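Because the structure is predicted, anything quoted here is derived from the model rather than measured. Just so it is clear: chains get the letters A, B, ... in the order the sequence lines come, proteins before strands, and each one is counted from 1.
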2 protein chains.
Amino acid sequence: MIESTLVSVDVIVLRFDPDARAVLVGVATRAQEPFAGELALPGVLLGRGERLRDATTRAVTGKLGLAEKSVTATGQLATFDEPSRDPRGPTLSIALWATVTRSTGDLAVWSRLDAVPALAFDHDRIVADCRPLLADKLWRDVPFTAGLLGPEFTTAQALDVTESLTGDRPYPANLGRTMDRVPGLGRTSEHAAALPKGGRPPLVWKWSSEAVRA
Amino acid sequence: MIESTLVSVDVIVLRFDPDARAVLVGVATRAQEPFAGELALPGVLLGRGERLRDATTRAVTGKLGLAEKSVTATGQLATFDEPSRDPRGPTLSIALWATVTRSTGDLAVWSRLDAVPALAFDHDRIVADCRPLLADKLWRDVPFTAGLLGPEFTTAQALDVTESLTGDRPYPANLGRTMDRVPGLGRTSEHAAALPKGGRPPLVWKWSSEAVRA
DNA sequence: CCAAAAGTGTTAGTGCTACACCCATGC
DNA sequence: GCATGGGTGTAGCACTAACACTTTTGG
C-alpha cells in the first residue's frame with residue numbers, strides 16, 4: 001500500500017474595494033512554523049472526504065477571519081506538485097479562487113492584485129501562474145464575475161475591476177458592449193452618484209435572478 | 001491532525017491512429033475490485049512525493065502496458081472531488097491527459113473519442129467534462145498538439161485530428177492558415193502519398209527543433 | 001464656464017467562415 | 001477523362017479597438 005501525499009488547498013481570495021477602486025487579494029500572517037510571521041495565502045490541509053468547496057471556505061474563515069456567509073463564489077485554478085514546496089515534506093497544493101464581500105475580517109491583510117507582497121512557500125509562483133487564469137474568467141465565468149462585483153454595480157466599478165485584473169482600462173463604451181453580451185447581466189435605468197471629482201454619473205448594472213442563483 | 005484524502009490520478013490517454021483516421025482513447029479492463037472486469041481510465045494512487053507527471057506515466061505503462069518512451073506529452077485537466085465517486089471511500093481524482101505514440105500496448109482497449117464505452121467509477125463524467133478542455137488545447141497548446149500528431153504529419157491527418165476533437169471538419173484551406181499561426185510549426189516542400197482513393201497528395205508539416213524540445 | 005467622466009455612434013482593422021476555382025493523384 | 005481530395009484566392013461577416021462627439025455631473 002502506497003502512502004498518499006498530503007493535499008493542501010491554497011486560496012486566492014479576491015475582494016473588490018470600491019474606495020481603493022481596485023481588486024484586493026487577502027493574505028494572512030502565518031501563526032505557526034514553517035514560515036511563522038511571514039505572509040501566505042490562506043490554506044488548509046484537505047480533510048478525508050472533504051469537498052474542495054468546504055475546504056476553501058474553511059481556509060477563508062479560519063485564516064482570514066471572515067464569516068462563512070461572506071464567501072460569494074469559489075472555483076478551481078490549478079494543481080502544484082513541486083515536492084519541495086513545503087519544507088515539512090511533499091504536499092500537493094490545489095489552488096482555488098474565492099470571491100468575498102466587503103466585510104474585511106480580523107486576520108486578513110489586503111493588497112492590490114498588482115502589488116502582492118512576497119509570500120511564503122511557493123505562493124508567489126501560485127499567484128503569478130494563476131493571474132492570467134483569473135483575468136480570463138472576468139465576463140466569461142458568470143459566478144466569478146458576479147461574486148466579485150456583487151448583485152449590482154456601476155460601469156465605473158466594472159472599469160476598475162477590469163483594469164485590476166487585465167492590466168489595462170477599456171473604453172467605457174466598449175466595456176458596455178462586452179457586458180451586454182454577458183448572460184444574465186443587464187442595464188438598469190438607475191444612475192449612481194458621480195465621483196467626488198465630478199463627471200457623469202455611471203449606469204447601474206444588475207444580474208437577473210436566475211444568474212445569481214447559478 | 002487531520003487524516004488526508006487519498007489522491008488518485010486518472011489519465012485520458014490519446015493516440016492518433018492514421019489508419020482509423022481518428023483520435024482514440026485508451027482504457028483498460030480493471031483487474032481488481034471494485035468494478036473488476038469493467039472498463040476504466042488508467043489510474044493510480046499518487047505516491048507520497050510523487051510528481052503528477054510520474055504518476056501519469058506509471059498509470060499509462062502499468063495499466064495499458066505501453067512503454068514509458070511512448071508517452072510523448074502530459075498535462076493537467078481538472079480535479080474531481082465527489083466523495084462517493086469511489087466505493088472504497090473518499091478519494092480525490094486529478095484528471096490528466098497523456099499523448100502516446102503508435103505502439104498499442106497489450107492491455108489497452110482503444111475506442112474513438114466520440115464513442116467511448118461506459119466506464120467504471122465516475123469516469124464517464126470525467127471524459128464528458130474534459131472533452132471540451134481537450135478540444136480547446138488543439139493548435140493552442142503546442143506540446144499537446146505535437147504529442148498527438150508526432151514530429152511531422154500531413155494536412156489530411158491534421159484534418160482528421162481536428163474533426164475527432166472538435167466534432168466538425170474544417171476546410172483544408174482554413175486549417176492551413178490556422179496552422180501557419182501555430183508557433184514552431186511550418187510547412188515543408190514535401191508531399192505525402194495520396195489516399196488509396198486518389199486525390200491530391202497532402203503537404204507535410206514539421207515542428208521546428210525548438211518547439212519539439214519545449 | 002470648465003474639467004472630468006460616462007454614454008452614443010461610427011469607422012478601420014482583424015480574423016474567421018464559406019465557397020469558387022485550380023491542381024495532383026488513383027482508377 | 002472522371003472522381004476524389006488537397007491547395008489558392010477571395011468575398012462576406014462578426015467582433016474588436018479606437019476615437020469624435022454628446023451628456024451630465026462637481027467646482
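Listed nucleotides: C:dA6, C:dG9, D:dG7. Nearest to the side chain of A:Ala156: C:dA6. In the set C:dA6, D:dT8, D:dT16, D:dT16 carries the atom at the smallest distance from any side-chain atom of A:Arg181. In the set D:dA17, C:dG7, D:dG6, D:dG6 carries the atom at the smallest distance from any side-chain atom of B:Arg200. Here the nucleotide nearest the side chain of A:Asn174, chosen from D:dA18, C:dT8, C:dC19, is D:dA18. In this structure, the nucleotide among C:dC19, C:dA4, C:dA6 sitting nearest to the side chain of A:Lys197 is C:dA4. Residue B:Pro201 has its side chain nearest to C:dA24 when only C:dA24, D:dG7, D:dC19 are considered. For A:Pro172, the listed nucleotide lying nearest its side chain is C:dG7; candidates were C:dG9, C:dG7, D:dG6.
Rounded to a whole Å, the CG atom of A:Leu175 is 11 Å from the C1' atom of C:dA6. Summarising the geometry, the separation between CG on B:Asp168 and P on C:dC16 is reported as 15 Å, rounded to the nearest angstrom. In this structure, CE of A:Met179 is placed 16 Å from C1' of D:dT16, rounded to the nearest angstrom. C:dG15 atom C1' lies 18 Å from atom CH2 of B:Trp139, rounded to whole Å. Rounded to whole angstrom, the span from the CG atom of A:Leu203 across to the P atom of D:dT25 amounts to 12 Å. Between A:Arg169 atom CZ and D:dA18 atom C1' the separation is 16 Å, expressed in whole Å. Look at CG on A:Asp180: it is 16 Å from P on C:dA6, rounded to the nearest Å. The distance from atom CD of A:Gln157 to atom P of C:dA5 is 15 Å, rounded to the nearest whole Å.
Side-chain atoms of A:Thr155 and A:Trp205 include a donor-acceptor pair closer than 3.5 Å. A:Thr56 and A:Thr74 share no donor-acceptor pair across their side chains, judged by distance under 3.5 Å alone. Checking B:Thr91 against B:Arg85 by side-chain atom types alone, a donor-acceptor pair falls below 3.5 Å. Checking A:Thr72 against A:Thr99 by side-chain atom types alone, a donor-acceptor pair falls below 3.5 Å.
Residue A:Ala193 is classed as having no contact, given no heavy-atom separation below 4.0 Å to the nucleic acid. Among the protein residues, A:Pro196 comes within range of the sugar-phosphate backbone only, with heavy atoms under 4.0 Å from sugar or phosphate atoms but none that close to a base.
Distances shown here put every side-chain N or O of B:Thr178 at or beyond 4.0 Å from the OP1 or OP2 atom of C:dC16. When the side-chain nitrogen and oxygen atoms of A:Tyr171 are compared with OP1 and OP2 of D:dC19, one or more of them lie within a distance under 4.0 Å. A sub-4.0 Å separation between OP1 or OP2 of D:dG5 and a side-chain N or O of B:Arg21 is absent.
Taking both residues in full, the closest heavy atoms of B:Lys137 and B:Gln76 are given as CE-O, 4.1 Å, listed atom of the first, atom of the second, then distance.
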- Trace of the salt bridge (charged side-chain N to carboxylate O under 4.0 Å, His left out) decision for A:Arg187 with A:Asp180: CA-CA 8 Å; A:Arg187 304 167 188 254; A:Asp180 283 332; 2.8 Å; yes

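Each of A:Arg177 and A:Gly199 was assigned the nucleotide of DNA chain C with the nearest heavy atom; the assignment lying further toward the 5' end belongs to A:Gly199. Residue-to-nucleotide proximity on DNA chain D shows that, of A:Gly198 and B:Leu159, the 5′-proximal contact is made by B:Leu159. In terms of position along DNA chain D, the nucleotide closest to B:Trp205 lies nearer the 5' end than the nucleotide closest to the other residue of the pair B:Trp205 and A:Ala173.
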